[in-house]
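What follows is a single structure, written as structure tokens, with notes after it.
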Amino acid sequence: MAPSALILIADGTEEMEFTITFDTLVRAGVVTKSAFVPENEGPYADSPPFAKGSRGINILPDFYLDNKHFGPDKFDLLVIPGGAKGANTMSKNQIVKKLVRDYLNANKVVGMICAGKLGTVIPLDIRLTHTLEIGSLAALTSDLPRQPLTSHPSVKAQLEGFDYSEDSVVISGNLITSRGPGTAFPFAFALVERLCGADKRAEVFKPMVFPAGTPF
């Protein structure tokens with residue numbers, strides 16, 4: 001059976017981080033779906049609305065996110081992209097926070113890029129004393145334990161409770177983090193390799209015709 005991935009999206013999600021990751025996973029044969037995280041609680045229409053990205057591009061998600069249909073028994077990978085407004089919405093959403101914990105506890109993979117991680121990884125002592133520069137993501141987090149990660153450079157100081165790295169992609173067990181739009185491709189390829197193996201990563205990479213010497 002092909003591996004599967006769920007990518008979250010909200011109004012204000014960073015388009016490159018969403019679309020590059022989604023597209024690359026599909027090229028690798030990963031069954032990939034998207035779920036819309038609304039800013040406010042329902043009631044909702046039958047179908048999700050277009051999500052307006054951080055640069056004004058409209059993207060139509062596959063589903064609304066709910067607490068019944070998107071757990072680690074349904075997908076192998078959960079991806080949380082950044083973008084200030086979108087990440088702020090996701091950081092406040094109880095379903096998102098529970099999914100992060102549930103996927104990691106079930107030994108499934110969680111990918112977070114840019115501000116996407118900040119709503120879920122800031123430890124309690126940091127949350128009580130800092131206001132995050134991106135999206136004010138200082139409340140309602142998943143309290144993940146100290147571990148290696150990376151983020152957008154503008155919030156490095158707020159991640160002092162973790163083993164911070166400036167690498168483009170950091171892999172800590174089943175948590176894979178990355179820095180921003182410019183690292184979306186290496187992030188996506190790291191996810192492909194984790195789900196599908198190094199050979200599939202190389203197979204997808206070659207026909208995309210990256211410039212010679214591209215370092216990922």
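Worth knowing before you read on, the calculation uses all heavy atoms, side chains too, and leaves out hydrogens, waters and symmetry mates. Bear in mind that the values here come from a model prediction, so they are computed numbers and not experimental data.
Other residues, nucleotides and ligands contribute only 12 or fewer heavy atoms inside 6.0 Å of the NZ atom of K52. More than 12 heavy atoms of other residues, nucleotides or ligands shown are found within 6.0 angstrom of CG on D73.
Put simply, the side chain of R179 gets close to the backbone of S151: a donor and an acceptor are under 3.5 Å apart. At distances below 3.5 Å, not a single donor-acceptor pair connects side-chain atoms of D23 with backbone N or O atoms of T19. With hydrogens and angles disregarded, no donor-acceptor distance shorter than 3.5 Å links the side chain of Y64 to the backbone of A35.
With a 4.5 Å cut-off on side-chain heavy atoms, F50 and I59 do not count as touching. A heavy-atom distance below 4.5 Å is not found between the side chains of D76 and V109. Two residues are said to be in side-chain contact when any heavy atoms from C-beta on lie closer than 4.5 Å; I113 and T183 meet this criterion. Contact check for T24 versus M208: side-chain heavy atoms found under the 4.5 Å cut-off. L25 is listed as a side-chain neighbour of V192, based on a closest heavy-atom distance under 4.5 Å. Between K74 and L6, every side-chain heavy-atom pair lies at or beyond the 4.5 Å cut-off. Contact check for C196 versus P3: side-chain heavy atoms found under the 4.5 Å cut-off.
Heavy atoms only, all atoms of each residue included: P61 and S34 are closest at CA-OG, 3.3 Å. The minimum heavy-atom distance linking S178 with S168 is given by the pair OG-O, 2.7 Å. Considering all non-hydrogen atoms of both residues, D62 and T32 come closest at OD2-O, 4.4 Å. Of all the heavy atoms in Y164 and P153, the pair that sits closest is OH-CA, 4.2 Å. The shortest heavy-atom contact between A10 and A51 is O-CB, 3.9 Å.
There is a side-chain donor-acceptor pair under 3.5 Å between S54 and E15.
Put simply, CG on N107 and CG on N174 are 4.5 Å apart, with the number rounded to the nearest 0.5 Å. The distance from atom CZ of F36 to atom CG of L8, rounded to the nearest 0.5 Å, is 11.5 Å. In this structure, the separation between CE on M90 and CE on M112 is 11.0 Å, given to the nearest 0.5 Å. Interatomic distance, L78 CG to I7 CD1, rounded to the nearest 0.5 Å: 9.5 Å. Interatomic distance, L195 CG to R201 CZ, rounded to the nearest 0.5 Å: 12.5 Å. Atom-to-atom distance recorded for T13:OG1 and K85:NZ is 10.0 Å, nearest 0.5 angstrom.
The hydrophobic clustering, which links ILVMFWY residues whose side-chain heavy atoms are closer than 4.5 Å, places F185 and L191 apart. Hydrophobic clustering of Ile, Leu, Val, Met, Phe, Trp and Tyr side chains at less than 4.5 Å, counting indirect connections, unites L104 with V96. Follow the hydrophobic side-chain contacts under 4.5 Å out from V204 and you never reach F187; the two are in separate clusters. A continuous path of ILVMFWY side-chain contacts below 4.5 Å connects V100 to V37, so both sit in one hydrophobic cluster.
Relative orientation of the F210 and F205 rings is parallel, given thresholds of 30° and 60° on the angle between their planes. Relative ring orientation between F75 and F70 is described as parallel, the plane-to-plane angle staying below 30° on a 0-90° scale split at 30° and 60°.
In this structure R146 satisfies the side-chain hydrogen bond (donor to acceptor under 3.5 Å, both in side chains) test together with D163, sequence neighbours excluded.
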Original post:
Would N67 and K98 count as a side chain to side chain contact (heavy atoms under 4.5 Å, CB included) if you check the C-alpha gap in whole Å, the side-chain angles of each, and the deciding distance to 0.1 Å?
Top reply: CA-CA 9 Å; N67 59 7; K98 184 176 186 301; over 6 Å; no
